[in-house]
2 protein chains.
Amino acid sequence: MEKPLNATMKPSLEETFKIVQESIAKNKTLIVVGNCEIEYKGRAESKLGLGERILLIKNDGAVLIHRPTGYEPVNWQPSGCIFHSRLTETGLVIRATNVKTKESLKLTFTGVMFATQLELKDTSEFILHASEEDMQKAILLKPELVEEGFHPIVKEKKTAPGFVDIFGRDKYGRFVVVEIKRKTANKDAVLQLWKYIQTIGETEQHIRGILVAPKLAKNAGRLLRELNLEFKQLSPKKCIETLRKSTSGELLRYMK
Amino acid sequence: MEKPLNATMKPSLEETFKIVQESIAKNKTLIVVGNCEIEYKGRAESKLGLGERILLIKNDGAVLIHRPTGYEPVNWQPSGCIFHSRLTETGLVIRATNVKTKESLKLTFTGVMFATQLELKDTSEFILHASEEDMQKAILLKPELVEEGFHPIVKEKKTAPGFVDIFGRDKYGRFVVVEIKRKTANKDAVLQLWKYIQTIGETEQHIRGILVAPKLAKNAGRLLRELNLEFKQLSPKKCIETLRKSTSGELLRYMK
DNA sequence: AATTAAATTTCGCCT
DNA sequence: AGGCGAAGTTTAATT
């Protein structure tokens with residue numbers, strides 16, 4: 001872990017200015033804690049008088065200003081900002097301009113408690129677990145997520161990554177194949193479902209195919225209709241919620 | 001401006017532990033920069049391997065963990081968390097549990113670049129300018145925001161705070177009174193508009209009354225219909241966008 | 001407390 | 001590049 005190049009407790013505005021300048025020049029991560037006032041002009045406009053806040057400028061030019069409470073920053077800018085800083089009579093002025101969104105942020109620091117520029121090494125991949133397996137579990141637990149009267153019979157685990165299927169019957173006893181996608185389903189997903197039905201559809205009886213996903217791509221929708229398949233909108237979030245609401249006993253009964 | 005009680009460069013895990021403990025006990029603002037891994041369990045679940053990040057714990061128990069890029073924190077918890085921290089063989093573990101949302105966050109720091117607890121004084125009021133005056137300006141600039149064919153004649157500035165009116169005529173030449181609300185319009189807004197029309201409606205000619213607001217409260221809606229008034233949905237955001245798109249020349253012509 | 005809508009939403013995916 | 005929709009959305013307002 002690398003030592004920060006510059007980090008100072010209770011720096012003067014001049015010292016802070018140097019740190020800010022260098023951090024901006026080298027696209028590093030910057031933290032400044034101090035007394036400042038803030039003006040924002042863009043989609044809306046805002047003004048915030050003097051107070052002690054935490055300024056965070058990230059490597060990609062994202063800006064966050066945090067007050068002592070709350071999840072949300074009081075002011076911010078998305079990534080891609082260009083910065084200008086200068087020392088004035090009123091204090092250390094830092095301007096962040098977002099060319100893309102034509103917005104600007106102006107901070108004026110009158111006193112600084114702490115300032116540092118950091119070179120953070122962070123390469124790990126963020127993994128959010130709201131998998132298709134989770135969606136499968138939720139549907140097995142609560143089949144009406146697919147449709148009223150749906151009854152799962154067999155759950156399949158495909159070797160190919162990225163989808164999971166469920167066999168079942170609808171309320172009229174017709175066979176149903178459910179294919180789940182965690183994200184927007186595209187043509188490939190439709191074709192996968194179709195192929196699957198083709199493969200097993202040896203009988204003369206019609207087999208319904210339902211693609212379950214948070215969203216259906218437009219072109220996929222056309223293909224879906226052409227192939228006489230169906231779509232059911234279902235988000236991973238809803239599935240996770242379903243799983244959380246269920247008791248462990250119910251889960252075990254279905255998942256074992 | 002108060003000096004931070006505890007701020008250390010390259011503190012050991014033991015030193016960091018002390019800072020964290022004290023900060024949590026006294027509900028202060030805490031910043032820890034260091035190498036950590038993160039687990040989240042709640043509405044969804046997530047995992048993030050080791051990497052250098054910025055941890056921010058706020059006075060109200062809000063938690064933010066920021067990677068070197070992007071506006072959004074990689075993991076977080078809304079305000080109201082309860083914290084537990086302890087030193088283990090793997091590192092300094094900080095757990096944030098949100099009882100309200102039944103979510104939890106587990107951070108394990110293996111090395112720390114910087115840690116500080118802060119007592120931030122920040123009492124200024126945040127003022128967002130997307131005022132009714134802005135909405136009025138936007139409508140004067142682009143009357144079709146109210147409806148196709150609307151033509152403003154007079155703009156009124158009422159002394160009572162919280163609303164602005166515009167007089168005009170619709171495409172059939174009928175008189176129109178527009179009342180603007182920046183937020184959801186309630187019964188009072190409807191009654192104000194109605195009273196206004198009553199006051200000026202000396203002629204036998206019908207005067208239309210249009211309430212312009214981002215939203216109409218349900219009860220207000222019923223009253224509106226009973227009084228034969230109308231509603232037009234319009235958000236401050238849309239108005240600001242309209243104003244931003246206009247040239248200063250156009251603005252001057254209308255606003256002077 | 002639950003529901004609904006707005007947000008300087010951001011972010012990702014698709015056209 | 002622009003538009004649409006989801007998000008661990010959050011937050012505020014209303015029922």
Side-chain angles (χ1 to χ4, degrees), chain A residues 38-48 60 62-65 69-81 96 98 100-105 126-130 134 181-187 213-222 233-241 243-244, chain B residues 38-48 62-65 69-80 96 98 100-105 126-130 134 181-187 213-222 233-241 243-244:
Chain A
I38 311 165
E39 276 180 61
Y40 155 71
K41 283 176 193 277
R43 284 162 287 192
E45 296 181 6
S46 75
K47 181 130 177 60
L48 182 58
D60 59 354
V63 184
L64 302 153
I65 302 139
T69 58
Y71 162 82
E72 290 187 336
V74 63
N75 281 111
W76 72 92
Q77 276 300 304
S79 60
C81 281
N98 197 311
K100 198 181 181 71
T101 58
K102 289 178 183 172
E103 299 198 298
S104 70
L105 212 46
F126 179 73
I127 298 163
L128 182 65
H129 298 288
D134 293 327
K181 295 291 278 183
R182 203 178 81 77
K183 296 186 178 180
T184 301
N186 55 18
K187 278 182 187 173
K215 192 193 158 192
L216 190 61
K218 264 184 191 167
N219 52 356
R222 203 177 56 189
Q233 194 272 328
L234 181 63
S235 68
K237 182 191 160 192
K238 178 132 194 171
C239 292
I240 292 281
E241 283 170 356
L243 293 177
R244 289 198 75 254
Chain B
I38 312 165
E39 277 180 60
Y40 155 71
K41 282 175 194 282
R43 283 163 289 191
E45 297 181 5
S46 74
K47 180 131 177 58
L48 181 58
V63 184
L64 302 153
I65 302 138
T69 58
Y71 162 82
E72 292 185 334
V74 63
N75 281 110
W76 72 92
Q77 278 297 307
S79 60
N98 197 310
K100 199 181 179 74
T101 58
K102 289 179 183 171
E103 300 198 298
S104 71
L105 212 48
F126 180 74
I127 297 162
L128 183 64
H129 299 286
D134 292 327
K181 295 291 277 182
R182 201 179 82 78
K183 295 187 179 181
T184 301
N186 55 17
K187 279 181 186 174
K215 191 194 158 190
L216 190 61
K218 265 184 190 168
N219 50 356
R222 204 177 55 189
Q233 194 274 326
L234 181 63
S235 69
K237 184 190 157 193
K238 179 131 193 171
C239 291
I240 292 282
E241 283 170 355
L243 292 176
R244 290 198 74 256

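Letters go in sequence order (proteins before strands), and every chain restarts at 1. Quick caveat: nothing in here was measured; it's all calculated off a predicted structure.
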Review point. Counting only side-chain N and O atoms of A/Q233, is one of them less than 4.0 Å from OP1 or OP2 of D/dG5?
Key: no
Exercise for review: Report yes if at least one side-chain N or O of A/W76 is closer than 4.0 Å to OP1 or OP2 of C/dT9; otherwise report no.
Suggested key: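 Result: no.
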**Study point:** Separation between CG of B/L128 and OG of A/S46, rounded to the nearest 0.5 Å
**Key:** 6.0 Å
Check your understanding: Which value, rounded to the nearest 0.5 Å, describes the distance between B/L48 atom CG and B/N75 atom CG?
Key ->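 Here the rounded value is 6.5 Å.
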Check your understanding: Relative to the 5' end of DNA chain D, which residue comes earlier, B/E72 or A/G70, by the nucleotide with the nearest heavy atom?
Key -> B/E72
Rounded to whole angstrom, note down the [atom1] distance from [N] over to [M].
{"N": "C/dA7", "M": "C/dC11", "atom1": "C1'", "answer": "14 Å"}
{"N": "D/dA7", "M": "D/dT11", "atom1": "C1'", "answer": "14 Å"}
{"N": "C/dA5", "M": "D/dG5", "atom1": "C1'", "answer": "16 Å"}
{"N": "D/dG8", "M": "C/dA2", "atom1": "P", "answer": "22 Å"}
{"N": "D/dT10", "M": "D/dA6", "atom1": "C1'", "answer": "14 Å"}

Nearest whole angstrom, please: distance from the [atom2] of [N] to the [atom1] of [X].
{"X": "B/F126", "N": "C/dA7", "atom1": "CZ", "atom2": "P", "result": "13 Å"}
{"X": "B/L64", "N": "C/dT10", "atom1": "CG", "atom2": "C1'", "result": "15 Å"}
{"X": "B/N98", "N": "D/dT11", "atom1": "CG", "atom2": "P", "result": "11 Å"}
{"X": "B/E45", "N": "D/dA7", "atom1": "CD", "atom2": "P", "result": "16 Å"}
{"X": "A/E103", "N": "C/dT10", "atom1": "CD", "atom2": "P", "result": "7 Å"}
{"X": "A/K187", "N": "C/dC14", "atom1": "NZ", "atom2": "C1'", "result": "12 Å"}
{"X": "B/I127", "N": "C/dT8", "atom1": "CD1", "atom2": "C1'", "result": "16 Å"}
{"X": "B/L128", "N": "C/dT9", "atom1": "CG", "atom2": "P", "result": "10 Å"}

Practice item. Name all residues meeting the salt bridge (Lys or Arg N to Asp or Glu O under 4.0 Å) criterion together with B/E72; count only those two or more places apart in sequence or in a different chain, and write none if there are none. Key: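 Not a single residue meets the salt bridge (Lys or Arg N to Asp or Glu O under 4.0 Å) criterion with B/E72.
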Point to revise | With sequence neighbours excluded, residues passing salt bridge (Lys or Arg N to Asp or Glu O under 4.0 Å) with B/K100 | key: none
Check your understanding: How do A/S46 and B/Y71 order along DNA chain C: which one's closest nucleotide is nearer the 5' end?
Key ->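 Per heavy-atom nearest nucleotide, the more 5' residue is A/S46.
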Revision key, fill the gap. Sorted by position of nearest nucleotide on DNA chain C, 5' first, the leading residue of B/K100 and A/Q77 is B/K100
Exercise for review: With sequence neighbours excluded, tell me which residues meet side-chain contact (heavy atoms from CB on, under 4.5 Å) with B/A62.
Suggested key: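 Scan of B/A62 (side-chain contact (heavy atoms from CB on, under 4.5 Å), adjacent residues dropped) gives B/K58, B/D60, B/S79.
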Check your understanding: side-chain contact (heavy atoms from CB on, under 4.5 Å) with B/P73: which residues, sequence neighbours excluded?
Key -> A/Y71, B/L64, B/H66, B/W76
Practice item. Go through the structure and list residues passing side-chain hydrogen bond (donor to acceptor under 3.5 Å, both in side chains) with B/S104, not counting sequence neighbours. Key: none
Check your understanding: So, do A/Y40 and C/dT8 meet the stacking rule of ring centres under 5.5 Å and planes under 30°?
Key -> yes
Review point. Among A/Q77, A/E103, A/E45, which residue meets the side chain to side chain donor-acceptor pair (under 3.5 Å) test with A/Y40?
Key: A/E103
Check your understanding: Mind pulling the stems DNA chain C is in, i.e. runs of at least three Watson-Crick or G-U pairs, everything under 3.5 Å?
Key ->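 For DNA chain C the paired stretches long enough to count as stems (3 pairs minimum) are C:1-7 with D:9-15, C:9-15 with D:1-7.
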Point to revise | Closest to the B/N75 side chain, choosing from C/dT10, D/dG8, D/dA7 | key: D/dG8
